[in-house]
Amino acid sequence: MNDQDSQRRVVIIGGGFAGLFAARVLRRAPVRVTLVDRRPHHLFQPLLYQCSTGILSEGKIAVPLRDLLRKQKNADFVLAEVTGIDAEGRRVLATRPLGDQLEFGYDYLIVAAGVQQSYFGHDEYAQWAPGMKTIEHALVIRRRVFGAFELADTAVDPAERSRWLTFALVGAGPTGVELAGQIREVATKTLRDEYRHIKPEDARVLLFDGGDAPLAPFGPELSAKAARTLAKLGVEQHMHSIVTNIDATGLSVRAQDGTVTRHEAGTVLWTAGVAAPPVAAAIAAATGAKQDRAGRIMVGDDCTIPDHPEIFVTGDVMSLNKLPGVCEVAMQTGIYAGERIKHEVAGRMPAKPFRYHDLGSAAYLSRGRAVVSVGRVHLSGFLAWVVWLFIHIGFLTGFRNRLGALLSWWPAFVRDVRRERTYTTEQVGLVHSAYDVLPPPTAGTALPGSTTGTELPGAGAKPSATGTGPSG
Ligand SMILES: Cc1cc2nc3c(=O)[nH]c(=O)nc-3n(C[C@H](O)[C@H](O)[C@H](O)COP(=O)(O)OP(=O)(O)OC[C@H]3O[C@@H](n4cnc5c(N)ncnc54)[C@H](O)[C@@H]3O)c2cc1C
C-alpha cells in the first residue's frame, strides 16, 4: 500500500467560493482531494452584471478550476454533475457529461453546491426572463440587452420600437439594482452616438420588487440613497409590486391595491429569488438532514449534518443561523470545513464551532456611485464607490484576472467604453432568442417581425407608413 492509498479521501461538491477555499486549505494536508463540479470554471458571480453589460469578458470573471488547482498536487478536478450520495457506503454518485455514471468514495465530504435561481414555482418564466447565476445567463442577458437596441433600431412600428426600448427587471436586490443602473448607463452613455434611427437614451428601465424599497437589507438610510441615485439615473422603481405573469412581450404586475397592470417590455430579467439545487434534496434524503424553505441543508454550528460528522455543508447551500448567501460566508465556511478536516486528520483537538465574521456588504449603483455597509459605518456616493473598487480588487486576489479586470474597468469607468459587447444571435439554453419567431400574438399585442419587407427610415430610404425612427 503506498502513501496515497492510506490517505483520507476528501470529496468536494462544487468549485465556487466555498469549495475552492476548502480545497486550498487542504493543500498541505495528508489527504487526497477530489473537487467535482458540473462546470469547468470557478465563477466570480458578483461581477456577472459587468459581463452581461459589456464591461468584462467572461474570461475575466471565470477561471478554469484545473488552472486554479494545477499546483496543488493532492487535488484532482472532475467535470461531472453530482446526483446524490450513498451516505452509509460513503460514496458520491455523479454523472459524466456523456451521461454515464461515476462514483467517488470519501472519508470526508464537503457540500458546496451553491444555489440556483428560483422563480417561486413559475419555472415557465425562465424562458422569457433569464436569471443571473451563471456565465450562460450573463451571455444571454448581454445578447438580449444589446440585441434589443438593434431590434428597436430596425422597428418601424412605434409600439414595437418602444417595447424593445423597455427593459423590465424583477427583484431590487443588489443584482437587480446593479443591472438596472448598468442598462441605463449603456443607453445614456455607451450607445449614445451609435444609432441613427433611435435615441438609445429613450430606453426605459423598470425595476419591480414586492418590498418597500430597493436594497432593503442595507437598511433604510442607504436604501433611500440608492433609490434616489436610481431615480437620477432614470430607473423607474415600482415597489410593492408582485409579478403575476411574464410572456414574450412583457409582464403583468399586481400593485399593493390589487390592480394588475400590463407592461410591454422586449427584455425582462429575473433576479428575484434563489433555491438550493436538486443535489441538496438528494443529500438531505440520504442523510435525514432537514432543509429550510429554500431547500438549503440545515447544519449544526460545526457546519456538519447531524449524525454525520464527516459531511460538511458550506456556502450558499448551507442553512445556519440565517447567515446570508454572500461570498464571505462561503469562503469562511469553506475554510472552516477544510481546517476542521486538517485538525481531525492530524489527530488534534476538534476545532471550535463556526463563527462568522461579518465584513459588510457593498452594491454598485453607477459609475462613481455605490453603497457600502460595514457594521455601523454606512457609506454612499463616490467614497463608497472607491471602497467598492478596492473590495473587488481585493476579492480578485489570487485569481489571475485581477489585472485584466482593472485594465477593462479603466476605459469603462473613464470613457464609458464597453469593449465586451460581442454576442451571438443563436438560441442559447432555454431562453428564447431575441431573433427567433415568437409565438402567435395575443390580442392587442404587436409582435416583432411585423416590419418584414418595410423599408427602414434613413439615408436614401423614405419613411414607411407605419412610422419613422425618432430623430437624432
Ligand atoms: C449576480 C450575483 C451577484 C452577487 N453579488 C455578490 C456581492 O456583491 N457580494 C457578495 O458577497 N456576494 C454576492 N453574490 C453571492 C455570492 O456570489 C455567493 O454567495 C457565492 O458565490 C456562494 O459561493 P458558493 O461556493 O456557496 O456557491 P457558488 O459560487 O454558486 O458555487 C457552487 C458551485 O457548485 C457547482 N454545483 C452545483 N450543483 C452541482 C452538482 N450537482 N454537481 C457538481 N457541481 C455542482 C456549481 O457549478 C458551482 O460552481 C452574488 C451572487 C450573484 C448570483
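If you read the sequence from its start, that first residue is 1, and numbering goes on from there. Quantities reported herein were computed from a predicted structural model and do not represent experimental measurements. Ligands are counted one by one from 1 in listed order, and the atoms in each one are counted from 1 as well.
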> Mind checking what residues have non-hydrogen atoms under 4.0 angstrom from ligand 1?
Replying inline: G14, G15, G16, F17, A18, V36, D37, R38, R39, Q45, P46, A80, E81, V82, A112, A113, G114, M132, K133, T175, V279, G315, D316, G325, V326, C327, A330
> Between F208 and H263, does the ring centroid distance fall short of 6.0 Å?
Replying inline: yes
> Are F149 and F167 close enough that their ring centers fall under 6.0 Å?
Replying inline: yes
>> My understanding is that only residues two or more places apart in sequence, or in another chain, count here; which of them pass salt bridge (charged side-chain N to carboxylate O under 4.0 Å, His left out) with E103?
In response: R91
>> Is any side-chain heavy atom of K342 closer than 4.5 Å to one of L26?
In response: yes
>> If the condition is side-chain hydrogen bond (donor to acceptor under 3.5 Å, both in side chains), which residues does D123 pass it with, not counting sequence neighbours?
In response: none
> Can you list every ring-ring contact (aromatic ring centres under 6.0 Å, His included) pair that touches residues 96-124, not counting sequence neighbours?
Replying inline: Y119-W270, H122-Y125
